[in-house]
Amino acid sequence: MQFLQILSRKPGSLEVLFQIPFCQKQFPYTCLSTSACVYSKKKKGNSYEQVDQEKYKNLVRSVTSYKNRAQTPETILEEDNLLYGPPVKHTPPVKAGTKTPKNWVPLINPSKRILPASSDSNVPMKIGLQRTKMPSVTRILQQTLSPQQVFYLERWKQKMIEELGKEGFEEYTKNLFLQGELFHSALESIFLSEETAARDQGRDDVVAGYLSSVEHVLEDISEVKALESGVHHETLQYLGLVDCVAKYRDRLCVIDWKTSEKPKPFLQNTYDNPLQVAAYIGAINHDANYDFQVRCGLIVVAYKDGSPAHPHFMDPDLCSHYWNKWLLRLEEYMDKN
């Protein structure tokens with residue numbers, strides 16, 4: 001009789017667990033199981049043999065020596081040199097898409113002669129807008145809108161037409177335009193009048209909320225030099241109508257009054273208005289009708305519900321930034337026409 005031995009592998013020895021009788025009659029098939037296995041150890045290569053021994057010997061000596069004394073910028077630099085090598089000078093990449101105007105004209109006119117103040121300088125200037133073939137600032141900006149601006153403007157228009165209907169939308173835009181005109185007229189009356197009667201009179205009409213909205217801004221405005229006055233740039237050949245030129249907190253500014261139903265707490269919320277202000281500043285500085293130059297701007301967003309208006313002040317650097325953007329839009333318009 002034969003026996004089937006089932007073996008179990010243990011460290012260092014093999015042990016028979018149990019034996020069972022085996023014969024052909026009882027089991028028509030043969031089954032053999034072993035657990036003996038042979039392990040062979042291959043000699044692995046030493047990875048440290050490929051290391052720059054001299055370099056890391058100096059590194060270890062450097063690092064361990066610093067543990068006994070305070071680190072200094074010089075020791076840190078020496079340690080970094082051992083680890084990474086000497087520093088490589090890196091030039092930051094130039095931003096893509098930055099353009100410069102081809103026909104650049106300075107915002108401030110270096111050749112303009114500033115005349116002494118006249119006796120009637122307290123009377124704001126109001127020069128009629130010249131009806132010439134020169135394009136207006138508003139027209140130039142409207143015809144050079146980006147595809148994204150056109151998309152959002154058209155989407156807003158379609159949404160309003162769905163809510164109000166075509167005739168209702170036309171009436172809505174007409175009322176907005178009328179309210180803007182009345183608001184500007186009321187402000188002009190306030191600036192020209194030495195009394196507060198004009199301001200009180202406006203509280204009962206459709207612009208009462210707008211006037212209440214800008215009341216805190218009016219307290220910071222003084223020395224009004226121009227109101228609803230036409231300007232034109234003699235070199236670049238464009239024109240426009242400036243709302244107001246006055247001092248805001250003792251800094252002479254081109255002031256643009258805007259009305260809005262939604263809050264616009266940041267300058268970026270005013271879209272192309274900063275370019276418009278920069279264009280007017282440049283036009284005044286290159287217009288012989290004006291015996292002064294302007295370096296700052298102010299956009300005041302007034303609200304119909306009387307909420308405090310948001311004044312957005314533009315310092316000379318910001319005005320120069322938007323002046324360059326305006327020159328690019330002007331070039332684009334000239335290329336199209």
Side-chain angles (χ1 to χ4, degrees), residues 123-132 134-143 145 153 156-157 160 164 166-193 195-218 221 224-232 238-246 248 253-264 269-277 279-281 283-284 297-312:
V123 178
M125 300 176 64
K126 189 171 184 177
I127 299 173
L129 189 63
Q130 301 176 8
R131 297 298 177 182
T132 64
M134 286 190 292
S136 67
V137 173
T138 304
R139 179 182 179 86
I140 294 168
L141 291 175
Q142 285 178 347
Q143 294 197 7
L145 292 172
L153 187 62
W156 171 81
K157 180 180 177 181
M160 295 299 292
L164 305 175
K166 189 174 181 180
E167 293 182 357
F169 177 71
E170 291 177 354
E171 186 69 20
Y172 170 78
T173 53
K174 182 180 178 181
N175 289 334
L176 283 181
F177 182 75
L178 178 61
Q179 289 176 17
E181 280 193 332
L182 293 174
F183 176 52
H184 281 76
S185 298
L187 288 172
E188 185 178 356
S189 300
I190 291 173
F191 289 132
L192 292 176
S193 175
E195 301 176 359
T196 59
R199 188 179 312 191
D200 295 336
Q201 182 181 359
R203 295 191 183 278
D204 297 329
D205 57 23
V206 293
V207 296
Y210 294 124
L211 293 177
S212 297
S213 179
V214 299
E215 191 169 4
H216 70 287
V217 180
L218 296 178
I221 293 177
V224 180
K225 289 185 172 293
L227 286 172
E228 300 293 332
S229 190
V231 296
H232 75 284
Y238 67 84
L239 52 80
L241 189 66
V242 176
D243 289 348
C244 179
V245 179
Y248 174 72
C253 301
V254 165
I255 303 176
D256 201 23
W257 306 98
K258 298 296 182 184
T259 59
S260 176
E261 295 180 346
K262 295 182 179 180
K264 294 184 178 180
N269 301 136
T270 61
Y271 305 107
D272 284 341
N273 294 149
L275 278 73
Q276 185 179 23
V277 170
Y280 289 155
I281 292 174
I284 287 177
L298 179 69
I299 300 173
V300 183
V301 185
Y303 305 109
K304 188 176 182 179
D305 62 358
S307 301
H310 284 114
H312 301 294

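No hydrogens, no waters, no symmetry mates; every other heavy atom, side chains included, goes into these values. These numbers were taken from a predicted model, which means no experiment stands behind them.
Here Leu192 contributes atom CG and Leu227 contributes atom CG; the two are 5.5 Å apart, rounded to the nearest 0.5 Å. Between Ile299 atom CD1 and His310 atom NE2 the span is 13.5 Å, to the nearest 0.5 Å. With values rounded to the nearest 0.5 angstrom, Lys225 atom NZ is found 12.5 Å from Ile255 atom CD1. Residue Lys304 holds its NZ atom at 13.0 Å from CZ of Phe183, rounded to the nearest 0.5 Å. Atom-to-atom distance recorded for Leu141:CG and Asp272:CG is 5.5 Å, nearest 0.5 angstrom. In this structure, Cys244 SG and Leu298 CG are separated by 9.0 Å, a value rounded to the nearest 0.5 Å.
Remark: Asp243 pairs with His184 by the side chain to side chain donor-acceptor pair (under 3.5 Å) rule, at least two apart or across chains. Shown here are the salt bridge (charged side-chain N to carboxylate O under 4.0 Å, His left out) partners of Asp256, two or more places apart in sequence or in another chain: Lys258. With sequence neighbours left out, the ring-ring contact (aromatic ring centres under 6.0 Å, His included) criterion links Tyr238 to His233, Trp326. For Gln179, the side chain to side chain donor-acceptor pair (under 3.5 Å) partners are Tyr210, not counting sequence neighbours. Taking the side chain to side chain donor-acceptor pair (under 3.5 Å) definition, one finds that Glu167 meets it with nothing, sequence neighbours left out.
Listed by first and then second residue, the salt bridge (Lys or Arg N to Asp or Glu O under 4.0 Å) pairs involving residues 178-192 are Lys126-Glu188 (not counting sequence neighbours).
A donor-acceptor pair is defined here as one N or O able to donate and one able to accept, closer than 3.5 Å; no such pair exists between the side chain of His312 and the backbone of Asn269. A donor-acceptor contact shorter than 3.5 Å is absent between the side chain of Ser213 and the backbone of Gly209. Here the side chain of Thr173 pairs a donor or acceptor atom with the backbone of Glu170 at under 3.5 angstrom.
For the residue pair Tyr248 and Cys253, the shortest heavy atom distance occurs at CB-SG, 4.1 Å. Closest approach of Gly240 to Tyr280, counting heavy atoms only: CA-CE2, 3.7 Å.
By the 6.0 Å contact criterion, OH on Tyr271 is open, its count of non-hydrogen atoms from other residues, nucleotides or ligands being 12 or less.
In this structure, Leu211 and Leu218 have side chains that are not in contact, with every pair of non-hydrogen atoms separated by 4.5 Å or more. Between Leu176 and Thr259, every side-chain heavy-atom pair lies at or beyond the 4.5 Å cut-off.
Ring planes of Tyr172 and Trp156: tilted class, angle from 30 to 60°.
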Derivation of the side-chain contact (heavy atoms from CB on, under 4.5 Å) call for Asn273 and Val301
CA-CA 11 Å; Asn273 294 149; Val301 185; over 6 Å; no
